[in-house]
A.B. asks: 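Quick one: the structure is below, and I'll ask about it shortly.
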Number of protein chains: 2
Amino acid sequence: MHVPGEPRVPVTIRDVASDAGVSVATVSRALSGNGHVGPATRDRIAEAARRLGYQPNDLARSLHGGATGTIAVLVPDITNPFFPELVAGIQAVANEQENLLLLCQTGEDPTTAVRELRHLRRKRVDGVVLVGGLPATDDLGAAVGDLPVVTVDRDAGWPASWSVRADHRGGGRMATEHLVELGHEQIAHIAGPAALTVAQERLAGHREALQASGIEPDESLVVHGDFGEAGGYDALRTLLRRRREFTAVFCSNDLAAVGALRALDEAGFRVPDDVSLVGFDDIHLARYLRPSLTTVRQPIHELGRRAATLLLEAAVGSRPEQHDVLDVELVRRDSTRPVRRGR
Amino acid sequence: MHVPGEPRVPVTIRDVASDAGVSVATVSRALSGNGHVGPATRDRIAEAARRLGYQPNDLARSLHGGATGTIAVLVPDITNPFFPELVAGIQAVANEQENLLLLCQTGEDPTTAVRELRHLRRKRVDGVVLVGGLPATDDLGAAVGDLPVVTVDRDAGWPASWSVRADHRGGGRMATEHLVELGHEQIAHIAGPAALTVAQERLAGHREALQASGIEPDESLVVHGDFGEAGGYDALRTLLRRRREFTAVFCSNDLAAVGALRALDEAGFRVPDDVSLVGFDDIHLARYLRPSLTTVRQPIHELGRRAATLLLEAAVGSRPEQHDVLDVELVRRDSTRPVRRGR
DNA sequence: CTGTTAGCGCCTTCAG
DNA sequence: CTGAAGGCGCTAACAG
């Protein structure tokens, strides 16, 4: 079956030109909109292009030196629900501006990131959104080179750069303040990987809130997870094994809270009756957990939109270096309640 | 700050050639590996390339007619956890073969898909993985043209094509058979969108199992959702409003089960004591729900791997048309139990 | 083994 | 307003 208008043999601008009885230059002008072309010829060319099923070759177009209309996003792990929501935001902006989006996964591994970055440069992408909590290294900066980069939740570290991030420290503070206000004093924290700055900042916020309330931070109530369900589950079991009392847990992200919830359940603790639980991120799932999860909401989609917007402007050189911090907000749901005294 | 080896001004093969004192052809051969080059010159060229921070321009390379080393995947909604797991599988294979992956979202909208496809063809991607449950249309076939396409969970419908899918009908049957074996006779079904073939097939399997057991399918126990948490939640409330007895619910996907679980909870039903619940997909989350979710496991990651493998082979013309169906498997967890008689 | 020479498909001066 | 010609960066014959 040959579908009309979708040729099996690539048709070039030359075919259109000869079909319309004009030169390639005229076709180029007519189709790209640059330069003036008589209305009559213009129509004739459009018609010929349509009939032949001509599709301009963007490779040749970009080769000339222009933009490629393609940006890339590097995320640690697309399987973590936080990232798809972020990517969706980036994608939305990219599409609005007729850009395509390349997806790369780094697993938070600097070596992989460097390799991907090199590949992307060879492909001449217009820019990259770099997501992840690892601090910037020289290697990374070198691999980036002159590529416009917007980082999300990550320290920049190289000269010209743009970044957008949420207020992780403030969020950590809010989560713990909320628990303190409910009367909790023994508050455990399931942190993220110690190497990630976002995890460090949320932890720092947690400690600040504790100290501000005159509660001495207890190191044995802090366990590091991996930002995944399994990590949260294991972390909570570690906590249990330590046999230190706690009436609330602040999880560094919602996914860890899912695992913690399960571990608490298996151990016979009920949320929020026996222990209160707070998450971070407010992924879609949070409101559907039982109990629904009190959490610190990041404007995930907006983070993505903002990053992509900055990037696309940076790529055309119309935007000086800029570092945005977006506010977070506590969402009170059913996983937290006032502490039950004297048990 | 100028990072050595990462030039601000694009360095071309010509720069390397003159720096190494050879012709561009030799540099091309030395760097791409095709054709023989003397070891001495080879080293000299490699050294020059490294020092100058030369990055081959893949646009020019591909313009010559070769592959672009880029494939694309079109998914309905990256925010649904099923798709990231699938995309991860595709990505894994793509990366192994030094390919980049373009991510597009269609929202199951044919018009959007057609637009994206056209864009992808202009970019000369080597192939496309088309994911989604909508039946193929002529429009889509036309937009695909001569682009190698592997469909996942979707009817092909155009001439040369490859597809991979899970056994949805068989899975639907397994889910319901499991419930029947547990003694359930009033089994509700929260289906997916009626327009999607995967939803239709799971529903068909459900009915088959019912009939095979001599249970008359009851249309009022079937509600269509949207494959999201909200859809599952609403669907279950609809079911409740109908005031028909049921002791078990088979949800067409895990995400809907999350919503159903919550709605049941709010209505005072306990899972699995009052009603048993079965999902479909076995996304990561399923095992972390409380109770953990009995579900029909699709080999999601493998579906992705298979699709990408087929595509990459199809793209180089080394693989004839092929349609794979992967097996699914029932995973028994804690959300199902024998029916409680005489309540 | 290496250099020279054509293009790949398109855009963009520069003339006409 | 339109055509002819050069070149983007690279690869692939074809000669030496």
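The figures here come from the full heavy-atom set of this structure, side chains too, leaving out hydrogens, waters and symmetry mates. Chain naming here is simple, since letters A, B, ... match the order of the sequence lines and numbering starts at 1 in each.
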A.B. asks: Regarding R50(A) and E47(A), does a basic nitrogen lie under 4.0 Å from an acidic carboxylate oxygen?
C.D. replies: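 Here R50(A) pairs with E47(A) in a salt bridge, since their nearest N and O are under 4.0 Å apart.
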A.B. asks: Could you state the CG-P distance from D43(A) to dT2(D), rounded to the nearest angstrom?
C.D. replies: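 After rounding, the gap between these two atoms is 12 Å.
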A.B. asks: Within less than 4.0 Å of OP1 or OP2 of dC8(C), is there a side-chain N or O belonging to R14(A)?
C.D. replies: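 Yes, R14(A) has a side-chain N/O under 4.0 Å of OP1/OP2 on dC8(C).
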A.B. asks: Find the distance Q55(B):CD to dC8(D):P and express it as a whole number of Å.
C.D. replies: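 It works out to 20 Å between those atoms.
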A.B. asks: Rounded to whole Å, how long is the line connecting atom CG of L59(A) with atom P of dC11(C)?
C.D. replies: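 Going from L59(A) (CG) to dC11(C) (P), I get 12 Å.
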A.B. asks: Report yes if a side-chain nitrogen or oxygen of T26(A) is closer than 4.0 Å to either non-bridging phosphate oxygen (OP1 or OP2) of dT2(D); otherwise report no.
C.D. replies: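 False: T26(A) side-chain N/O out of range (4.0 Å or more) of dT2(D) OP1/OP2.
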A.B. asks: Please report the interatomic distance CG(D58(B)) to CZ(R121(A)), rounded to the nearest 0.5 Å.
C.D. replies: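 The CG atom of D58(B) sits 12.5 Å away from the CZ atom of R121(A).
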A.B. asks: Ignoring backbone atoms, test whether R124(B) places a side-chain nitrogen or oxygen under 4.0 Å from the OP1 or OP2 oxygen of dC8(C).
C.D. replies: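 False: R124(B) side-chain N/O out of range (4.0 Å or more) of dC8(C) OP1/OP2.
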A.B. asks: I need the CD1-P distance between I13(A) and dG7(D), as an integer number of Å.
C.D. replies: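 I13(A) atom CD1 is separated from dG7(D) atom P by 19 Å.
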A.B. asks: Any side-chain N or O of S23(B) below 4.0 angstrom from OP1/OP2 of dT2(C)?
C.D. replies: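 False: S23(B) side-chain N/O out of range (4.0 Å or more) of dT2(C) OP1/OP2.
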A.B. asks: Hey, is the side chain of R61(A) poking within less than 4.0 Å of OP1 or OP2 on dC11(C), counting only N and O atoms?
C.D. replies: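 For R61(A), the contact criterion (side-chain N or O under 4.0 Å from OP1 or OP2 of dC11(C)) is met.
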A.B. asks: Does T41(A) reach a base, just sugar-phosphate, or nothing at all? Heavy atoms under 4.0 Å.
C.D. replies: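 The residue T41(A) makes sugar-phosphate contact but no base contact.
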A.B. asks: If you pin V24(B) and A60(B) to their nearest nucleotides in DNA chain C, which one's is more 5'?
C.D. replies: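 Its nucleotide being nearer the 5' end, the pick is V24(B).
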A.B. asks: Calculate the interatomic distance between L52(B) atom CG and dG9(D) atom C1'; express it in whole Å.
C.D. replies: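 These atoms are roughly 15 Å apart.
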A.B. asks: Within this structure, what is the NZ-to-P distance between K123(A) and dG9(D), rounded to whole angstrom?
C.D. replies: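 From K123(A) NZ to dG9(D) P: 17 Å.
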A.B. asks: When we call it a touch if two heavy atoms are under 4.0 Å apart, what does N34(B) touch: a base, just sugar-phosphate, or nothing?
C.D. replies: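 The answer is sugar-phosphate, as N34(B) gets under 4.0 Å only of primed atoms, P, OP1 or OP2.
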A.B. asks: Please report the closest heavy-atom contact between I90(B) and G304(B), naming both atoms and the distance.
C.D. replies: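 Shortest heavy-atom contact: CG1-O, 3.4 Å.
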A.B. asks: Inspect the contact between D15(B) and R51(B) and indicate whether a charged nitrogen and a carboxylate oxygen are less than 4.0 angstrom apart.
C.D. replies: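 Here R51(B) does not pair with D15(B) in a salt bridge, since their nearest N and O are not under 4.0 Å apart.
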A.B. asks: Rounded to the nearest Å, what distance is computed from the CG atom of residue N57(B) to the C1' atom of nucleotide dG9(C)?
C.D. replies: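 These atoms are roughly 14 Å apart.
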A.B. asks: Identify the heavy atoms of Y54(B) and L31(B) that sit nearest to each other, and give their distance.
C.D. replies: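 In terms of heavy atoms, the two residues are closest at CE2-CD2, 3.5 Å.
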A.B. asks: By the 4.0 Å heavy-atom rule, please label V22(B) as base, sugar-phosphate, or nothing.
C.D. replies: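 Result for V22(B) = sugar-phosphate.
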A.B. asks: Looking at T12(A), does any N or O in its side chain come under 4.0 Å of the phosphate oxygens OP1/OP2 on dG9(C)?
C.D. replies: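 Answer no for this pair, as no side-chain N or O of T12(A) is under 4.0 Å from OP1 or OP2.
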A.B. asks: What's the CG-C1' distance between D58(B) and dC10(D), to the nearest Å?
C.D. replies: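 Rounding to the nearest Å, CG of D58(B) and C1' of dC10(D) are 10 Å apart.
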A.B. asks: For P39(A) and A25(A), take the nucleotide of DNA chain D holding the closest heavy atom to each; which residue's nucleotide lies nearer the 5' end?
C.D. replies: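 Between the two, 5'-proximity favours P39(A).
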A.B. asks: Enter the distance from L310(B):CG to R319(B):CZ here, rounded to the nearest 0.5 Å.
C.D. replies: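 So the CG of L310(B) and the CZ of R319(B) are separated by 5.5 Å.
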A.B. asks: Given that H64(A) and L63(B) both sit by DNA chain C, which one's nearest nucleotide is further toward the 5' end?
C.D. replies: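 It is L63(B), whose closest nucleotide lies nearer the 5' terminus.
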A.B. asks: Checking only heavy atoms, does the side chain of R29(A) share a donor-acceptor pair with the base of dG3(D) at less than 3.5 Å?
C.D. replies: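 Yes.
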